[in-house]
Amino acid sequence: MEIPKTYDPRQAEQQHYARWEEQGCFAPEINRDPKAPVYSIVIPPPNVTGSLHMGHALQHTLMDVLSRHKRMCGYRTLWLPGMDHAGISTQLVVNRELKKEGLSRHDLGREKFVERVWKWKHESGGQILNQMRREGASVDWSRERFTMDEGLSRAVREVFVRLYDEGLIYRGDRIVNWCPNDQTVLSDLEVEKTPQAGKLYYLQYPIKTPNGEERRVTVATTRPETMLGDTAVAVNPEDSRYSDLVGATIRLPLTDREIPLIADEYVDAEFGTGAVKVTPAHDPNDYEMGVRHNLPQVVVIDQHARMTEDAGAAFSGLDRYKARDLVVQRFEELGLLEKVIDYEFSISRCERCKTVIEPLISTQWFCRMAELRDLALGLMREENKPVFTPEVPYRKVYTDWLENLRDWTISRQLWWGHQIPAWYTKDGRVFVARSEEEARAAAGTDDLAQDQDVLDTWFSSALWPFSTLGWPDETEDLKTYYPTSVLITARDIIFLWVSRMVMMGMKFVGRTPFHDVFVTGTVLDKHGQRMSKTKMNGIDPLDVFDKYGVDATRLVLASIGSTDTRWNDNQVESYRNFANKIWNAARFCLMNSDGASVRPEAFESEPLPLHDRWILSRLNRTALEVDRALAGYQFHEAVQTLYHFFWDDFCDWYIELTKADVAAEAASLERDAARSRLLTVLEQALRLLHPFMPYITEELWLRLPGVDEKLLHSAYSGAEPTIMLTSYPQPDESLIDERPESEMSVVIDLISRVRNIRSELNVKPGMRVRVVVGTGEGNLREVFEANREQIARLTRANAISIGERLDAPRASARAVLAGGAEVAVPLEGLIDFAQERERLGREREKLQKEAAKLEAQLANPQFAERAPAEKVNEVKQRLADISQRTIALQQMAEALL
RNA sequence: AGGCACGUAUGUCAAUGGUAGACGGCCACCCUUACAAGGUGGAGGUUGGGGGUUCGAAUCCCUCCGUGCCUACCA
């Protein structure tokens, strides 16, 4: 069979995905077992505008590993894909397109614009889904969903109506975060605070005193222009400096208004002057204070961040920053500007366009969170759901946030999204309904106008785990796949998304939307910086796929798991090498496969040689450890375990130990049996690796002799042969056996010692040596006898002498094995006796250092008293072994004198 | 400002309170026909500093230094 020497990932990546997809391997219906347990994951829907970045690749890899693993374990497995309509982002993208044609969305009008967005979506949206195919993501494309689909939109309206009917959704005037660029309101979670070097202006306001005495109060502000909308000055009620002024009237400069001086707990007497200007229409805190004190709201800044008429004739129409300069200039002219100091504060910006947010009073729709919040908190308290991994710190982060939750602004002034299902009559009555017909019936008139706003994108995302499964209908899918098994997501959307899914899931389905939440780490650049478009420091997963292959990249990503990790190509390179190692191991097996096939029965003949019993034990132990690791979402550990099993145990030792049998010139039953055992172990190893490395494992598996539908998991009988539908190797505890493992480790130790001697004494690789073994009193003789040939081959020896005592010429290099056996390599003419004594001396020193530590530990009476007996014995055992080896080394050195 | 993490080999990361490891890199020797993307051997650490608890600390506690993240209504 002709197999290239180097693995070419591209070739495998191009072939298998389409075949899997065509044969329906990703759909849960492939599972024919009516009693199969269910496993389900819904994808965090990427934005329709998005393209794949490392964060996605990381999440998708973990979801795919879990899905493929469970599918191979016989679970009816659904991984549901889809996308989010991403209100603002998408609208901005299409706006940009229109701009190139010299148009704006207003030129098209709402209906045409929305049509245009759909057109864009069909033509260039959703690139990311095709990129997921490249990743090997085993998602069920037949169930792909989009948040603006009719089904999901219906769920949105249903939820809106029910929440409204219960009074949990309301419409009102509140101060909100307004983006003057996007012309829409934003939720608290969509603004980001950035530090800003600015100025703090100290403004003096004259006080109107009964006796006409000249008094002033000084307020500090970073936004002087807002003083035009001030309706009070506030001080702390405990602040003795101002106690006589509370209730006084202030003449607000630059205006003809008079405002009161009030007392409010909110004011911090320690900060600034202890007196605060209050602008209820343009500051969230002032707004609250205004509500408490029943202050009027004077709007001086409009939705385009320009001054209104109410700001006064001198300012009306000015940009807010121009107005700021002018206000400061006027104060200076009036002698009311006390001072200006440099001041660093944080400023709110629109998360998308980075424009400075303007807090404005505006009529919006809000969702009352108290009841929903309690549902989520109750679930955590009573059922401990969802279970976060890592539990620290996410469980606490999640609950703390819920406890301090405020109402959610759910309306957005956009055209792309779910239009709010509220209709108004001419006389201003409002009807919230599932459809316009329903609203008309309720209103008793056809003359209705629908609310122009759309819902926050996260409103529909919050319903994702059940809306995608057909809710509000009681569909089979909903019954089968809800709650989902696990949610895998990045930490920045725990509040934005995870918590809201829990609340909505509890409210409308009555159960948690997912049992577990796994929070991934962040992939950083090599300087520890977050990857971002603006910093241009992102690494494109597709480039990495091209360079190193998908499977290698997936191993790196799986290893990242929940740790923040600096990206490093070296890591991928090393797993690329691993893929090549797998390739070549399989290549060897295939080149020596005549007369053999994958056949578990090949291990049934008795007695099996040590290395076969050993590899069975290692294989099953590996399966056990991988199982445990995946159950606890310890992806890193699973990868490590598989890597070492395959490379160290299988390649370095098992293949080498079987080589003589497997690669024998003459055909024989023994040769066929050895070959079959080798192929069988390889086949099991490929299955173990498959969830992590789907492409190379499939590519190789299909080439193995003897693979057919009989190897498929019983739940998939009748399907076309593919490794992805075989059963995942289940650990057979009866095959995990200490004895062959410890015996094998002695043989390995012996071989390593001889190799060590050869290397240190510069014995040429081509030179054959004699190896003399002294087994000591233990019962190792049989083990060495049985493995004579292997030992000879792997140490490049032409003769092995085994005796109880080490019977070697004086001119030999010697070593002591763990456990006490000794080994010597006669090297007449190559041995410099002084050097050899030195070499033994170094060895002995190492042991003595260790022995000294152990002796000190045992000499401590409190250790013997307080440490568990088991530990004490362990230490004694180790010390005994080391002492014995030290003495042996000593004698060896003396023999050289 | 508060809260939460993190700091381990030159790099990226592991290690239920019990012998500090892996991979990459580095050094030496090998193209020994599965694999030079490989093999064999080797060097490299007072686990950020200091204190404490414990028979025993990378691990638990305190403190300092450094880094990162999240939350927040100091104008």
Side-chain angles (χ1 to χ4, degrees), chain A residues 3 5-7 193 200-201 219-223 226 234 266-268 270-279 283-289 343 345-346 390 392-394 396-397 400-401 404 491-492 494-495 522 524 526 528-530 548 552 556 559-560 563-592 634 636-637 640 643-644 647 651-652 655-656 659 663 751-752 755-760 762-766 794 796 850 853-854 857-858 860-868 870-872 874-875 878 882:
Chain A
I3 303 171
K5 265 174 107 169
T6 306
Y7 172 53
K193 309 266 180 161
L200 189 59
Y201 301 87
V219 296
T221 180
T222 54
R223 304 190 56 199
T226 62
Y266 161 76
V267 180
D268 178 1
E270 305 294 316
F271 185 87
T273 61
V276 188
K277 60 189 275 310
V278 184
T279 324
D283 181 284
N285 309 307
D286 294 5
Y287 175 83
E288 302 287 340
M289 239 190 296
Y343 185 68
F345 59 104
S346 66
V392 179
Y394 298 115
K396 192 167 150 39
V397 164
D400 283 359
W401 184 79
N404 297 308
R491 69 169 144 258
D492 48 348
I494 290 178
F495 308 140
T522 308
L524 307 166
K526 66 176 167 197
Q529 296 290 308
R530 246 190 146 73
Y548 300 103
V556 175
S559 302
I560 287 173
T563 324
D564 287 359
T565 303
R566 300 177 186 210
W567 187 263
N568 189 337
D569 269 7
N570 288 339
Q571 196 114 332
V572 203
E573 201 178 322
S574 109
Y575 285 124
R576 189 268 318 258
N577 295 352
F578 179 53
N580 197 48
K581 188 74 181 179
I582 296 170
W583 181 261
N584 277 290
R587 181 163 171 262
F588 173 79
C589 298
L590 289 169
M591 280 164 46
N592 296 284
Q634 303 295 310
H636 177 270
E637 201 186 316
Q640 288 294 308
Y643 181 95
H644 290 295
W647 202 312
C651 293
D652 286 357
I655 289 184
E656 294 304 328
K659 213 169 231 177
I751 294 168
S752 303
R755 283 174 172 171
N756 179 319
I757 287 169
R758 293 187 65 122
S759 173
E760 293 208 5
N762 279 320
V763 178
K764 290 271 178 289
L794 298 179
R796 320 199 115 245
E850 209 182 322
K853 257 164 78 178
L854 296 174
Q857 199 171 358
L858 285 172
N860 181 346
Q862 284 167 317
F863 174 68
E865 265 171 48
R866 301 197 195 182
E870 192 192 330
K871 282 288 163 210
V872 178
E874 204 181 295
V875 172
R878 259 168 45 213
I882 288 171

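Here is how names work: the chains are called A, B, and so on, in the same order as the sequence lines, proteins then strands, and each is numbered from 1. Side chains included, hydrogens not; waters and symmetry mates left out as well; all remaining heavy atoms used.
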*Asks:* Are any protein N/O atoms closer than 3.5 Å to N/O atoms in nucleotides 16-20 of chain B? If there are, list each pair with its distance.
*Replies:*
unit_1 : atom_1 : unit_2 : atom_2 : d
B/G18  : O2'    : A/K871 : NZ     : 3.0
B/G18  : N2     : A/Q857 : NE2    : 3.4
B/U19  : O4'    : A/R878 : NH2    : 3.1
B/U19  : O2     : A/E850 : OE2    : 3.1

*Asks:* Are OP1 or OP2 of B/G24 and a side-chain N or O of A/W567 less than 4.0 angstrom apart?
*Replies:*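 For B/G24, OP1/OP2 do not have a side-chain N/O of A/W567 under 4.0 Å.
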
*Asks:* In terms of the angle between their ring planes, are A/Y643 and A/F578 parallel, tilted or perpendicular, with boundaries placed at 30° and 60°?
*Replies:*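 Geometry flag for A/F578 against A/Y643: tilted rings.
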
*Asks:* Using Watson-Crick or G-U wobble geometry with both distances below 3.5 Å, tell me the partner of B/G17, or none.
*Replies:*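 Result: none.
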
*Asks:* Under 4.0 Å from OP1 or OP2 of B/A75: is there any side-chain N or O of A/Y343 that close?
*Replies:*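 For A/Y343, the contact criterion (side-chain N or O under 4.0 Å from OP1 or OP2 of B/A75) is met.
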
*Asks:* Closer than 4.0 Å, any side-chain N/O of A/K581 to the OP1 or OP2 of B/G39?
*Replies:*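 Yes, within the criterion.
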
*Asks:* Tell me which nucleotide, if any, is Watson-Crick or G-U wobble paired with B/A28 when both distances must be under 3.5 Å.
*Replies:*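 Partner of B/A28: B/U40.
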
*Asks:* Indicate whether OP1 or OP2 belonging to B/A72 is found under 4.0 Å from a side-chain N or O atom of A/N404.
*Replies:*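 So the side-chain polar atoms of A/N404 never come under 4.0 Å of the phosphate oxygens OP1 or OP2 of B/A72.
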
*Asks:* With sugar-phosphate meaning primed atoms plus P, OP1 and OP2, does A/E656 contact a base, only sugar-phosphate, or nothing at under 4.0 Å between heavy atoms?
*Replies:*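 Result for A/E656 = base.
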
*Asks:* If B/U33 has a Watson-Crick or G-U wobble mate with both distances under 3.5 Å, name it; if not, just say none.
*Replies:*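 None - no nucleotide pairs with B/U33, as no candidate has both distances under 3.5 Å.
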
*Asks:* Does a nitrogen or oxygen in the side chain of A/N577 sit under 4.0 Å from OP1 or OP2 of B/G38?
*Replies:*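 Yes, A/N577 has a side-chain N/O under 4.0 Å of OP1/OP2 on B/G38.
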
*Asks:* Could you tell me whether the phosphate oxygens of B/A37, OP1 or OP2, come under 4.0 Å of any side-chain nitrogen or oxygen in A/S574?
*Replies:*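 Negative; the distance criterion is not met.
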
